[in-house]
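Here is the structure we will look at, set down as structure tokens.
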There are 2 protein chains.
Amino acid sequence: MIGRGQTGNAKLVKHINREGILHQLRENPRVSRADLAKLTELSRPCVSALVDEMIVEGMISEVGLGESKGGRKPILLEYNFQAYGVIGAVFEGSTLQLAIADLKGELLIQRTTCLPHPMNGETAIQSIEQGLAALLNESGFDKARLLGMGLGLPGITQRSEGTVSYAPSTGWMGLPVRKEIEAALGLPVVIENDVNLMTLGEFHKGIGVGHSNLVYMYAGTGIGAGIMIDGQLYRGAKEASGEIGYMVIGPVGNQTKGEYGVFERNYSVRAIREKAKAVLPSMDEGSSIVKQIVDQANNGVEAAQALLDDICRHWTYGIANLTSVMDPALLILSGEMLHIGNEGIHKIQQWLTDWVPSVPRIEMASLGDQAGLIGAIHCALEAFPSTSKLQR
Amino acid sequence: MIGRGQTGNAKLVKHINREGILHQLRENPRVSRADLAKLTELSRPCVSALVDEMIVEGMISEVGLGESKGGRKPILLEYNFQAYGVIGAVFEGSTLQLAIADLKGELLIQRTTCLPHPMNGETAIQSIEQGLAALLNESGFDKARLLGMGLGLPGITQRSEGTVSYAPSTGWMGLPVRKEIEAALGLPVVIENDVNLMTLGEFHKGIGVGHSNLVYMYAGTGIGAGIMIDGQLYRGAKEASGEIGYMVIGPVGNQTKGEYGVFERNYSVRAIREKAKAVLPSMDEGSSIVKQIVDQANNGVEAAQALLDDICRHWTYGIANLTSVMDPALLILSGEMLHIGNEGIHKIQQWLTDWVPSVPRIEMASLGDQAGLIGAIHCALEAFPSTSKLQR
DNA sequence: ATTAAGTTAGTTAAAATGACTAACAAAGTT
DNA sequence: AACTTTGTTAGTCATTTTAACTAACTTAAT
């Protein structure tokens, strides 16, 4: 056999060019070969060859003719978004969100279920299994067309090992989560930290679209951040990046290993509820605690105003620290920070202007409690490209 | 003419492979074509062809035969480190460090000069011009063989514009620094933040060698950090990443824009000197302030012990915040932090273990006040590869 | 309405490039 | 003499490029 099977970087270029064409087709629906040649800076014959190849493989389709711009009508091409699908799943407290999406990342069907109490590894996996079966059944989606699952978990997830290495509040620590779920479903699985997935969600489908360098900050039951650099999640050496709940903000106290972080212990929802007891006449456990404080502050209750100021101030400490280190182009705020109102935002921006040299553009998260789920979808899409199924 | 001049990614592979070979030659001096084939995972004929090409171009030389390992003796190859050179320059307070180095980054000649007072743009450029002329004269290095200059400046440098966008303590802000120096020297120049260059220095020649993900923390006249991700400096959206002097640590006070950062105002050398007045019987302005405090603490002076504890504690706040965000594999401490002693280091590590979930390996900087200069050299080497001169 | 000229889209053919395998020569060692 | 290791030569394959088409359409003068 002669000249077969290049081992080095020889095959790389074709792969890059194919991915480039696919990328453009994902971004710009209904374009011609000629358009693709311009967009990818490849020659027209080369694009034609690669496109024809991918049409045969079923990844792309010709979908009729476009308008002439003074010459022959272009043959419009489209990515076959429906060819395969992925699953997104997010464990958040006591609920499990599940969804099936197409290759575009559009949700086809979605469900939120409450988990049985007490939860352990087995029941959790059972929930996923049953939930997925229900989704497949209801949507009529063929399981054979699923590429894999993106799974969001709280705590520090070890993507390559498929385990959770640090999560004081859950019972997942150390378990071979990924392997067990893969065995149960018969599908490949990636796991990822929940806040990282929210970041990914906002990046792909939310307010972060088009911003390849951004930081996402979440303040809720926990406090965390997600970091995107050059369109990639930055995970750090032990995948513990963005764990800003462990910043030293507020009283340090007798902090020892295994507990929540200092910032989190002082300014997460849990902590704020405690502080608010003295301020609110009656507390509604169901609705946003910050909103209740803001309402009281607007009613003229001075103690509420002071507490709100204190909360905003310390959250801004976190933002200032985060932006000092990262200098992102865009900062997305989410969780309970969504309820601080215009006055709160204004305060934060004023403080930042006073404290740091480079204030990023600040936006509120736009996807609500869907962010993580949408991120899980895109995490799966990145981990299991449709080519993986085709190249067998 | 047919089939000439590919515009797309066609030439990319060859470039990657050539760079791969050069990289191996920089790392492993005196290797054969066969060794390179193994190291780069390319075929022997391919390596031979690329090597021959680069020998003609003058980048590589054959330097005799090696020992036989049971067959024909290998022809050893070497990167022509001496073919070209670069200049490194660092402005630090009132001194200017200048050096010429070869393509390996080895300093050939070096000089530190005091700047005339008061300094302004013109005198600074004059100093560089005169200093470089002296270096060239003394070393006999041919100016035509210089590829360019890497220049380190305090403050937030705008690499692409060649200006300094934020530096309260110097008069550089807004000036077209790079253009003016390029015009004066007739050589291309890159500017970069001083702490980033120290980071680069430690990465290439210091304790950070082999660690492509690290964070460097400097506490001296100012406080700052440098971040390396995948062997690249991370600069942020407005090149203000790592400006941790602006973290909110210690009393906030009446901070408004234009002043130094909160952390810097509370725990830089300037601030510590102020605090130490009450503790030290007499202060030596020339030597390390932290060392003086440590000495007094070791003498049993309780106030000094308390101050040292306070300083270490707050520096650790900064470290905790930094590592919470970045989760680096390695953290390098420098500046006055070098003088805290073993007890201080032990304290820091204990606190970190208590506060954050992922404690990085911590090392002391190893290059002393050469770090920035060495970084400037490597900055220039990255910005102006020797191929830039050859490809004319 | 016809027709020529110009444009745009897509294909075909030939050349160029760069990497690979196979086979061999050169120069050793055991 | 037999094996090894290094380096080269020759031939092949994959991929992309340029150049030169064909196809199909628009514009506008005749």
Side-chain angles (χ1 to χ4, degrees), chain A residues 1-21 24-25 28 30-56 60-78 391, chain B residues 1-21 24-25 28 30-56 60-77:
Chain A
M1 218 197 292
I2 285 177
R4 208 59 63 71
Q6 282 131 311
T7 57
N9 299 321
K11 264 202 157 143
L12 193 127
V13 171
K14 186 172 184 180
H15 186 252
I16 291 175
N17 290 340
R18 280 177 56 128
E19 283 302 315
I21 289 174
Q24 294 299 340
L25 271 170
N28 320 56
R30 311 193 124 242
V31 288
S32 68
R33 290 167 171 81
D35 294 333
L36 286 173
K38 278 171 206 151
L39 288 167
T40 59
E41 296 191 302
L42 291 169
S43 63
R44 288 208 309 273
C46 184
V47 168
S48 275
L50 297 177
V51 161
D52 291 351
E53 225 176 87
M54 292 193 276
I55 285 177
V56 171
I60 295 178
S61 295
E62 295 186 337
V63 289
L65 301 176
E67 286 301 295
S68 163
K69 285 166 237 159
R72 174 172 167 178
K73 283 181 179 169
I75 304 171
L76 299 182
L77 300 165
E78 220 175 56
Q391 277 167 359
Chain B
M1 219 195 291
I2 285 177
R4 206 62 63 71
Q6 284 132 309
T7 57
N9 297 323
K11 269 202 155 146
L12 191 128
V13 170
K14 188 173 184 180
H15 184 253
I16 291 174
N17 290 340
R18 280 177 57 128
E19 284 301 315
I21 289 174
Q24 294 298 343
L25 271 170
N28 319 55
R30 310 192 125 242
V31 288
S32 67
R33 290 168 172 80
D35 293 333
L36 286 174
K38 278 170 207 153
L39 288 166
T40 58
E41 296 190 303
L42 291 168
S43 64
R44 287 208 309 272
C46 183
V47 169
S48 273
L50 296 177
V51 161
D52 291 350
E53 226 177 85
M54 293 193 276
I55 286 177
V56 171
I60 295 178
S61 295
E62 295 186 338
V63 289
L65 300 176
E67 285 302 294
S68 162
K69 284 167 237 162
R72 173 171 168 179
K73 283 182 179 169
I75 304 170
L76 299 182
L77 300 165

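Letters A, B, ... are given to chains in the order of the sequence lines, protein chains preceding strands, and every chain is numbered from 1.
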Q | Atom-pair distance (CD on E62(A); C1' on dA9(C)), nearest Å | A | 12 Å

**Q.** Whole angstrom value for the distance that separates C1' of dG18(C) from CG of L42(B)
**A.** 11 Å

**Q.** Phosphate OP1/OP2 of dT5(D) contacted by S32(B) side-chain N/O (<4.0 Å)
**A.** no

Q) Roughly, in whole Å, what's the span from CG in D35(B) to C1' in dG7(D)? A) 12 Å

**Q.** Heavy-atom pair with the smallest gap, counting every atom of T40(A) and V47(A)
**A.** OG1-CG2, 4.0 Å

Q | side-chain hydrogen bond (donor to acceptor under 3.5 Å, both in side chains) contacts touching residues 46-56 of chain A (sequence neighbours left out) | A | K14(A)-E53(A), R18(A)-E53(A), R33(A)-D52(A)

Q.
Nearest whole Å is fine: how far is dA9(C) P from L39(A) CG?
A. 12 Å

Dump every N/O contact between nucleotides 26-30 of chain C and the protein below 3.5 Å, one line per pair.
| from | atom 1 | to | atom 2 | distance (Å) |
| --- | --- | --- | --- | --- |
| dA27(C) | N3 | R72(B) | N | 3.2 |
| dG28(C) | N2 | G70(B) | O | 3.0 |

Q) Between dT11(C) and S48(A), is there an OP1 or OP2 to side-chain N/O distance shorter than 4.0 Å? A) yes

Q: Please examine the side chains of L76(B) and V31(B), heavy atoms only from C-beta on, and report whether any two atoms are closer than 4.5 Å.
A: no

Q. Taking OP1 and OP2 of dT15(D), is either one under 4.0 Å from a side-chain nitrogen or oxygen of N17(A)?
A. no

Q: Take atom CD1 of I16(A) and atom P of dT16(D), then tell me their distance rounded to the nearest Å.
A: 10 Å

Q: Round to the nearest Å and state the distance from I21(B) atom CD1 to dG7(D) atom C1'.
A: 14 Å

Q | Heavy-atom check, side chain of M54(B) versus side chain of I21(B), under 4.5 Å | A | yes

Q | Rounded distance in Å - CZ (R30(B)) to P (dT6(D)) | A | 16 Å

Q) Counting side-chain heavy atoms from CB outward, which of dT16(D), dT11(C), dA19(C) is closest to C46(B)? A) dA19(C)

Q) How about L77(A) and L36(A): do any of their side-chain heavy atoms sit closer than 4.5 Å? A) yes

Q. Taking NZ from K14(B) and C1' from dT16(D), how many angstroms apart are they, rounded to a whole number?
A. 15 Å

Q) Just checking P45(A): base, sugar-phosphate only, or nothing, at a heavy-atom cut-off of under 4.0 Å? A) base

Q. Measuring from S32(B):OG to E62(B):CD, what's the distance to the nearest 0.5 Å?
A. 11.0 Å

Q) With a non-hydrogen cut-off below 4.0 angstrom, is R44(B) in contact with a base, only sugar-phosphate, or nothing? A) base

Q | Atom of V63(B), atom of R30(B) and distance for their closest heavy-atom approach | A | O-NH2, 3.5 Å

